[in-house]
2 protein chains.
Amino acid sequence: MAETGTRTPRERYRDQVRTEIKDHAREQIATAGASALSLNAIAKRMGMSGPALYRYFASRDDLITELVRDAYRSLADSFRTAAETGTDLPGLAHTLRAWALADPQRYFLVYGTPVPGYHAPDDITGIASEIMTTLLDACAAAGLSDGPATPFETHLGDHRDWAGDHPAPPESLHRALTFWTRLHGVLSLELAGHFTGMGFDPAELFASELAGLVEQRGE
Amino acid sequence: MAETGTRTPRERYRDQVRTEIKDHAREQIATAGASALSLNAIAKRMGMSGPALYRYFASRDDLITELVRDAYRSLADSFRTAAETGTDLPGLAHTLRAWALADPQRYFLVYGTPVPGYHAPDDITGIASEIMTTLLDACAAAGLSDGPATPFETHLGDHRDWAGDHPAPPESLHRALTFWTRLHGVLSLELAGHFTGMGFDPAELFASELAGLVEQRGE
DNA sequence: CGTGTTCGTTATAAGTTCTAACGCACGCTA
DNA sequence: TAGCGTGCGTTAGAACTTATAACGAACACG
């Protein structure tokens, strides 16, 4: 029989406590931001004393890194399941926007202000490239335009390390990048509240940018 | 005689110490991020003991708010002087990019991850609208395209609170917004290091997005 | 039913922000 | 020029934080 699935009671309890800690951490981050995350406060809310949490996470930074990993994992899963159900490029954009609006601070864990010295673990960059691959697949499936190659697309033809052995042509690489940067540009400013009080509907701006992306010609 | 310019020695000394504190704070933020800013560490580097800094800034948050205000002011000034010397839209984009690359953490003080509870003081939002006005002027001076109005532009025609009484037509408002969101999309991801290791040159992607913006049709 | 790993505790160190009280020194004014 | 008041820097201390160390108890496993 497969012994892998059966975990000892200790392991099951440990995982349960770890997820409970992360739940409280997420709630705290959503309320006051990641910089205000306090292990002590989490411990008190869980009814146990401070240092107990160090049995489950080596440090505060370790806990945050775990939350960042979960955030990447969550986005990658959302993208993957969307792609597996035959979602096209606009559908992927809608998936991204829904994922971002569901938990803004989770979005900023992935795409927010970086800490100068910090380098993400290798597995996290692996998840990031997994997200990129899903996006590339969708862009390759969306077809090509009829215009000539732009200067940046010829540049991409010579600098496509990030695409690995993906068969997508430079124009698809270009569209994947603009999909990423343009939608992130709208979403990050919207989530950061830079549009509040301006009157217009951010969803319409997002839709407008998306329309430009699928119509090949940008606008 | 105008007594306004003459300041007492106490005031001059106070301003000098304040700017010295902010210089150390900026250096510290550039090194380890805004969340790692420590008043104690600044005081020790300046050769004085911790609580002395509270004569100059009411709190740590007050110092950070001051740095945010300076960052906004710096960007607004860069935009204004660029506009006064007759800079067109691409020139404004270059000004923005140079300003961002000169000090990435300063960029993130303005456009980075927001703290959930925080609300910027009124004068900062005033500087933000000053930046927007300069951008709107440049977009209005760039002229109009020949195509029909997009759905979002008609939406903007009814929701132009943020433009105040600016005479720019909805298409110019639209271009100002896309100028903002698209260039921010590229810049923020570049400064956050999300392009490192991908092989292509972020400057070329920036130039590509800029080209799409000035050619009316987006791409 | 022992035995050993794991967990949670308290104590402690070193750091942080920030307030309070004290004293000195500087600059303005008489 | 002499004094007085304002402002500055100090130390002391409270209330936090992260993190380590040592201890004891509970639990699962052989």
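Order of the sequence lines fixes the chain letters, A, B, ..., with proteins taken first and strands second; residue numbering starts at 1 for each chain. All values derive from a computational prediction rather than experimental measurement.
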Within the side chain of A/T113, is there an N or O that forms a donor-acceptor pair under 3.5 Å with the backbone of B/T113?
yes

Donor-acceptor contact present, side-chain B/S208 to main-chain B/E204, <3.5 Å
no

Applying salt bridge (charged side-chain N to carboxylate O under 4.0 Å, His left out) to A/D23 and not counting sequence neighbours gives A/R26

B/E190 meets the salt bridge (charged side-chain N to carboxylate O under 4.0 Å, His left out) criterion, sequence neighbours left out, with B/R97

Side-chain donor-acceptor pairs under 3.5 Å in residues 39-49 of chain A, sequence neighbours left out?
{"unit_1": "A/R45", "atom_1": "NH1", "unit_2": "A/E27", "atom_2": "OE2", "d": "3.3"}

Contact residues, residues 28-43 of chain A to DNA chain C [heavy atom, < 4.0 Å]:
none

Numerically ordered, the residues 45-57 of chain B set in heavy-atom contact under 4.0 Å with DNA chain C is B/P51, B/Y54, B/R55

Between [atom2] of [N] and [atom1] of [X], the distance in whole Å:
X: A/R60; N: C/dA14; atom1: CZ; atom2: C1'; result: 17 Å
X: A/E11; N: C/dC7; atom1: CD; atom2: C1'; result: 15 Å
X: A/R14; N: C/dT6; atom1: CZ; atom2: P; result: 9 Å

May I have all residue pairs that pass salt bridge (Lys or Arg N to Asp or Glu O under 4.0 Å) and include part of [range], sequence neighbours excluded?
range: residues 98-111 of chain A; value: none
range: residues 117-126 of chain A; value: A/R69-A/D123
range: residues 13-22 of chain A; value: A/R7-A/D15, A/R18-A/E66, A/K22-A/E66, A/K22-A/D70

Counting side-chain heavy atoms from C-beta on, which of C/dC18, C/dC7, C/dT16 comes nearest to B/K44?
C/dT16

Is the B/F200 to A/H155 ring centre distance short of 6.0 Å?
no

Which residue in the set A/L101, A/I131, A/L187 passes side chain to side chain contact (heavy atoms under 4.5 Å, CB included) when paired with A/L96?
A/L187

Under the side chain to side chain donor-acceptor pair (under 3.5 Å) test, which residues partner B/Q16, sequence neighbours left out?
none

Listed partners of B/R73 passing side chain to side chain donor-acceptor pair (under 3.5 Å), at least two apart:
B/D77, B/E130

Regarding A/H184 and B/S188, is there a side-chain donor-to-acceptor distance under 3.5 Å anywhere?
yes

Contact boundaries of DNA chain D with chain A (under 4.0 Å, heavy atoms), 5' to 3'?
D/dT17 to D/dC29

For nucleotides 25-30 of chain C, 5' to 3', base contacts (B), sugar-phosphate-only contacts (S) and non-contacts (-) with protein non-hydrogen atoms under 4.0 Å give BBSS--

